[in-house]
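Just so we're on the same page: letters track the sequence lines, and every chain starts at 1. Values reported hereafter were calculated over all heavy atoms of this structure, with side chains retained and with hydrogens, waters and symmetry mates removed. Predicted model, so just to flag it, every value in this text is computed and none were measured.
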Number of protein chains: 2
Amino acid sequence: MAVKGAKSSISQRRVLDAAARIFRDSGYAGTTMRAVADEAGLQAGSLYYHYKGKDELISAVLDSGVSQVATLVKDALAALPATATGRQRIETAIEAHIAAIIAVGDYTLATRRVFGQVPQAIRTRHMRLRDAYGAFWDQLFEDVRAAGEMRPDADLKLCRLFVLGALNWTAEWYKPGAASIHDIAGTFGTLVLDGLLQPAPQPASRGRARAPRGSDHALLSTAAR
Amino acid sequence: MAVKGAKSSISQRRVLDAAARIFRDSGYAGTTMRAVADEAGLQAGSLYYHYKGKDELISAVLDSGVSQVATLVKDALAALPATATGRQRIETAIEAHIAAIIAVGDYTLATRRVFGQVPQAIRTRHMRLRDAYGAFWDQLFEDVRAAGEMRPDADLKLCRLFVLGALNWTAEWYKPGAASIHDIAGTFGTLVLDGLLQPAPQPASRGRARAPRGSDHALLSTAAR
DNA sequence: GTGCTATTCTAACACACGTTAGCTAATGGC
DNA sequence: GCCATTAGCTAACGTGTGTTAGAATAGCAC
């Protein structure tokens, strides 16, 4: 079995980046191998030297995207001091996630837009990576709760779905030059951690307890899945 | 100019619903007129009696989806009493939005997955409807703030993007039989309004003010767009 | 039942796509 | 420089797609 040369990995990377861009804009079926090849500076037949076919190509785009994001977020959290508070950890994760999905924007957008169209087997395989990353966030939330910093009544699986859904949507609307990633992350961090509403006034007669509300009851529900 | 009969609107609706389902799963380019026709119980050539072409069909799916959602949410809010608090209004909007995107789930999912692939002119046209709906939410938030119920430092445009991004993501993962829409909406409402963290203890020496934090600074940033 | 219009079917057109096998060009080790 | 291997090109194959024009069928009013 011959060893592929350095040029091969350079071209392969070029093809993969080109594929991410074309898949991002054209979707799965709308992405032609000729367009990817053209974007990469090759002819369509040449792609088959690097990837067995279109499905292997999209699979590589999907997996590369989520892997890169997961690595960047995990690295950011690992760089925190051991004394970091739950607030700091969640804020860091939020900012790192936003920065990551924007840094690998073509991959992120390709994934979001194409995922539902790829053959089932590819989707199933890719789901493992996504679920692993989601579990990382679940664990982050659980750790913050175990440290007593989180309201005890939140359904963490639902909250994680909400937060990641929102963060991932950032990739669709973010434009360099408007709000910075840091500012966006700050806004979102505060929203997630402290909410939108003005803390309610604390009448002395009622102590620190808030009046029960219907929405509080919902927080006792079971996990979504 | 002949008047189309009742059968035409029945068939047209059938075609539109079928198209939403196929676009949802196959994306823009992957959706063939033959597949849509088959799903609708017609032959592909017949679709051109009802819609001038594929682009008009996808355009109708996109517009129908967001219109239905907007109507359902606006109706839910309009049904609230004039004395409803900001909390109640936001909670209602969240629940109505989730219920709506799930009720027209094929359209919602088709839109999310296909939007980035359609010809630019269609995207531009459709953006008007989406922006109008987003503006409705902006106004909701502004009203709550004007009533003094919202923290004054939140960037409302960013927060709206966050919230709608998260809510729309619900359409992708929601499964009937797990958490109910009401429970999900409750969890998300509390998260959005009150945040995830345990309210910080109130040391008597510090009164009610919280210590300044980096994330609070971010809330003073300008609008994303 | 008849006649007109609405609605659908059908076959075909012009074009496009993923992939393959064989050829060609480039690269690197000796 | 030579040779073997790597990397890319090319033409073609088998199949598929949006659309159209005209034929056929269905629906409806009288």
Item to check | Value in whole Å for how far the P atom of C:dT8 lies from CG of B:Leu47 | outcome: 10 Å
Report, one line per pair, each donor and acceptor closer than 3.5 Å where one atom sits in a side chain of residues 32-42 of chain A; sequence neighbours left out.
residue, atom, partner, partner atom, Å
A:Thr32, OG1, A:Ala35, N, 2.9
A:Glu39, OE2, A:Arg21, NE, 2.6
A:Glu39, OE2, A:Arg21, NH2, 3.3

Next on the checklist: How many whole angstroms separate atom CZ of B:Arg13 from atom P of C:dT7?
Outcome noted: 17 Å
Item to check | B:Arg130 charged N/C atom sitting above B:Phe115 aromatic ring, 6.0 Å / 45° | outcome: yes
Checklist entry - Tell me: CD1 of A:Ile58 to P of C:dT19, nearest whole Å? => result 13 Å
Checklist outcome for this item: Atom NZ of B:Lys54 and atom C1' of D:dT17 are separated, to the nearest Å, by 8 Å
Checklist entry - Has the side chain of A:Arg34 got a donor or acceptor that lies under 3.5 Å from a partner of the other kind on the base of C:dG18? => result yes
Checklist entry - Taking the side chain as C-beta and beyond, is there a heavy-atom pair between A:Phe162 and B:Val192 under 4.5 Å? => result yes
Checklist entry - To the nearest angstrom, how far is A:Phe23 atom CZ from C:dC17 atom C1'? => result 13 Å
Checklist entry - Nearest of C:dT8, C:dA12, C:dT19 to any side-chain atom of B:Leu42? => result C:dT8
Checklist outcome for this item: note: B:Glu56, atom CD; D:dT19, atom P; distance rounded to Å ~ 11 Å
Next on the checklist: Without decimals, in angstroms, what is the distance between B:Tyr49 OH and C:dC9 P?
Outcome noted: 13 Å
Checklist entry - Applying the side-chain contact (heavy atoms from CB on, under 4.5 Å) test to A:Phe188, which of A:Leu193, A:Asp183, A:Val163, A:Ile98 qualifies? => result A:Ile98
Checklist entry - Could you give the CD1-to-C1' distance, from A:Ile10 to C:dA26, as a whole number of Å? => result 14 Å
Checklist entry - Think A:Ser11 has a side-chain N or O under 4.0 angstrom from the OP1 or OP2 of D:dG8? => result yes
Checklist entry - Any side-chain N or O of A:Tyr48 less than 4.0 Å from the OP1 or OP2 oxygen of C:dT19? => result yes
Next on the checklist: Counting only side-chain nitrogens and oxygens, does A:Ser46 get under 4.0 Å of the OP1 or OP2 atom of D:dA7?
Outcome noted: no
Next on the checklist: So if I take every side-chain heavy atom of B:Ser8 and compare against D:dG8, C:dT19, C:dT7, which nucleotide ends up nearest?
Outcome noted: C:dT7
Checklist entry - So, B:Gln88 versus B:Thr92: side-chain donor-acceptor pair below 3.5 Å or not? => result no
Checklist entry - Does A:Thr32 or A:Lys52 map to a spot on DNA chain C nearer the 5' end, using the closest nucleotide for each? => result A:Thr32
